[in-house]
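These notes concern the structure reproduced below.
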Protein chains: 2
Amino acid sequence: MAKREKSQPTVIPRAAASRLSRYLRYLEELDRNGVTTTSSQALGAALGVTAAQVRKDLGYFGQFGYPGLGYKIAQLTPELRRILGTDKAWNVALVGIGNLGTALLRYKGFSAHGFRIVALFDASPALVGKRVEGNEVHHVDEISARVRECNIELAVLSVPGEAAQAVADRLVEAGIRGIFNFAPALLNLTQEVAYVSIDLALELEQLSFVVTQRERESGL
Amino acid sequence: MAKREKSQPTVIPRAAASRLSRYLRYLEELDRNGVTTTSSQALGAALGVTAAQVRKDLGYFGQFGYPGLGYKIAQLTPELRRILGTDKAWNVALVGIGNLGTALLRYKGFSAHGFRIVALFDASPALVGKRVEGNEVHHVDEISARVRECNIELAVLSVPGEAAQAVADRLVEAGIRGIFNFAPALLNLTQEVAYVSIDLALELEQLSFVVTQRERESGL
DNA sequence: TAGATTGTTAATCGATTAACAATC
DNA sequence: TAGATTGTTAATCGATTAACAATC
């Protein structure tokens, strides 16, 4: 069975990419437990998707399995890291050093997956020049210079909604490649900049919606 | 045009419910700007979806518009709140008062949308009994008693991945209706408990994936 | 070899978009 | 009234699942 990736990169459903991360997490767990081989059946069962889904998702990127045997964890794991781009370390800027920003800075999950927060920015004079978790906070005016200087490719945005677009514009102008946005705002970005956004209140509202719907269904 | 909701609750796509929250946000903004009327066309253009999508999404829940006129913001806004369940205040428990938990506790976006964090829990003896933002931290053993006592329906989980399932089990046993999970763990929950989960590292990995894909496309 | 499981094509399912009669 | 826009049905598009020949 061929071991090389696809030359024709068909359009990949976003949901498939998200599942790839989950497969990787589970493979890492299996590896820690000393398991060396798995199958689309086993992976799917563990993560609540069908075996066909697993094979289809992997199939977007190449042929990684062995018919009759399944997948070798030691082989598939680095392939998934390569596909997801986490086979290298990323330099990340953190803009907005408030409660959420500080929590994100301290969050171990980012560094554990190769994301290094190497520069902090804030607009508040009270914060600029201070050190947070060993990193100096710079003024947002310095974004452009430092993003280039430190080879920063990704930015995490945890500023107030009103400030988000202006900061995003600076980041884009500085040549950032992707923005992870926590501000409750719709950002207008050029197509070249990748974009992932989380609106915490909106997500909690989704929970409220589902609970409410079920209460109405059962109560009536 | 009829003004009443559907009696037959067809299955609602999850993506549609998420857009509902966005429509509501935008209507609130329009209202602040003194706008009184809008249309599916205008709403869709502002949020990057088609007018047909907007009408279809609203159509799952009833008839709220006026042909030829559009939607009256003063009417549609409370309807959306009612649909999403944010026309009432929710009592929320916060379990795990670490960096992220504390940031979530201070986050103004939750209370602004009617979510009141009314009880804090942690397993650490160093934290139990302390006050954080004016709220006493209770031991996780007290979850069951306090969830019932304070009429808590939702819980935010910001505990380490290893602890998540055990805490979730306690919450379910205490009769919680929905869990908003930040722990990087797959939770096994009964069907009756609603569930929204955010894995921060996984989301950042999605950003890395998109950036990597584009670099490979353009670089080769 | 016989059994198991892959990769991939075809069939199904669900969500989005287009079209249009109804109507403000 | 004429113009605009809804609610809804039908058409399209995309993603998931099933099926199965290839093959370890």
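Note that the coordinates shown come from a computational prediction; the quantities given were computed from them, not determined experimentally. Side-chain atoms are counted along with the backbone in the values below, which use heavy atoms only and exclude waters and symmetry mates.
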Which part of the nucleic acid does A:Arg19 contact within heavy-atom distance under 4.0 Å: base, sugar-phosphate only, or nothing?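 The residue A:Arg19 makes sugar-phosphate contact but no base contact.
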Residue [X], side-chain heavy atoms: nucleotide from [options] that is nearest:
X       : options                : answer
B:Tyr60 : C:dT16, C:dC24, C:dA19 : C:dT16
B:Gln53 : C:dT16, D:dT17, C:dT8  : C:dT16
B:Tyr66 : D:dA15, C:dC24, D:dC20 : C:dC24
A:Pro67 : D:dA22, C:dT16, D:dT16 : D:dA22
A:Leu69 : C:dC24, D:dC24, C:dT8  : D:dC24

Please report the interatomic distance CG(B:Leu84) to OG(B:Ser18), rounded to the nearest 0.5 Å.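 B:Leu84 CG to B:Ser18 OG: 10.0 Å, rounded to 0.5 Å.
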Let me know the distance between [atom1] of [X] and [atom2] of [N], rounded to the nearest Å.
X       : N      : atom1 : atom2 : result
B:Lys72 : D:dT5  : NZ    : C1'   : 14 Å
B:Arg14 : C:dT16 : CZ    : P     : 14 Å
A:Phe61 : C:dT6  : CZ    : C1'   : 18 Å
A:Leu58 : C:dG7  : CG    : P     : 7 Å
B:Asp57 : D:dG7  : CG    : C1'   : 13 Å

Plane angle bin for B:Phe110 and B:Tyr107 - parallel if under 30°, tilted between 30 and 60°, otherwise perpendicular: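 The rings of B:Tyr107 and B:Phe110 stand perpendicular, inter-plane angle above 60°.
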Hey, what's the ring geometry for B:Phe115 with B:Trp90, parallel, tilted or perpendicular (30° and 60° as the breaks)? parallel
Salt bridge (charged side-chain N to carboxylate O under 4.0 Å, His left out): pairs with one or both residues in [range], sequence neighbours excluded:
range                       : value
residues 96-122 of chain A  : A:Arg106-A:Glu133
residues 188-204 of chain A : A:Asp199-B:Arg25
residues 164-191 of chain B : A:Glu215-B:Arg177, B:Asp141-B:Arg170, B:Arg148-B:Glu173

Side-chain contact, heavy-atom cut-off 4.5 Å: A:Asp57 with A:Gln53? yes
Sorted by chain and residue number, the side chain to side chain contact (heavy atoms under 4.5 Å, CB included) partners of A:Ala46 (sequence neighbours excluded) come out as A:Tyr26
Got a salt bridge between A:Glu79 and A:Arg82, using NZ or NE/NH1/NH2 to carboxylate O under 4.0 Å?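 Yes, this pair counts.
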Does a side-chain N-to-carboxylate-O contact under 4.0 Å join A:Arg81 and B:Glu205?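 So A:Arg81 does not pair with B:Glu205 through a salt bridge.
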Is A:Tyr71 near enough to C:dA4 that one of its side-chain N or O atoms lies under 4.0 angstrom from OP1 or OP2? no
Does C:dT6 have OP1 or OP2 under 4.0 Å away from a side-chain N or O of A:Arg55?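 So the side-chain polar atoms of A:Arg55 do come within 4.0 Å of the phosphate oxygens OP1 or OP2 of C:dT6, strictly under.
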Hey, which sits more toward the 5' end of DNA chain C by its nearest nucleotide, A:Lys56 or A:Gly70?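 Its nearest nucleotide being more 5', the pick is A:Gly70.
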Taking for A:Thr50 and for A:Gly68 the nucleotide of DNA chain D with the nearest heavy atom, the one nearer the 5' end belongs to A:Thr50
Heavy-atom contacts under 4.0 Å between residues 26-44 of chain B and DNA chain D, which residues? B:Ser39, B:Ser40
Using Watson-Crick and G-U wobble pairs whose two distances are both under 3.5 Å, how do you write the pairing of DNA chain C as dot-bracket, with | for links to another strand? ..||||||||||||||||||||||
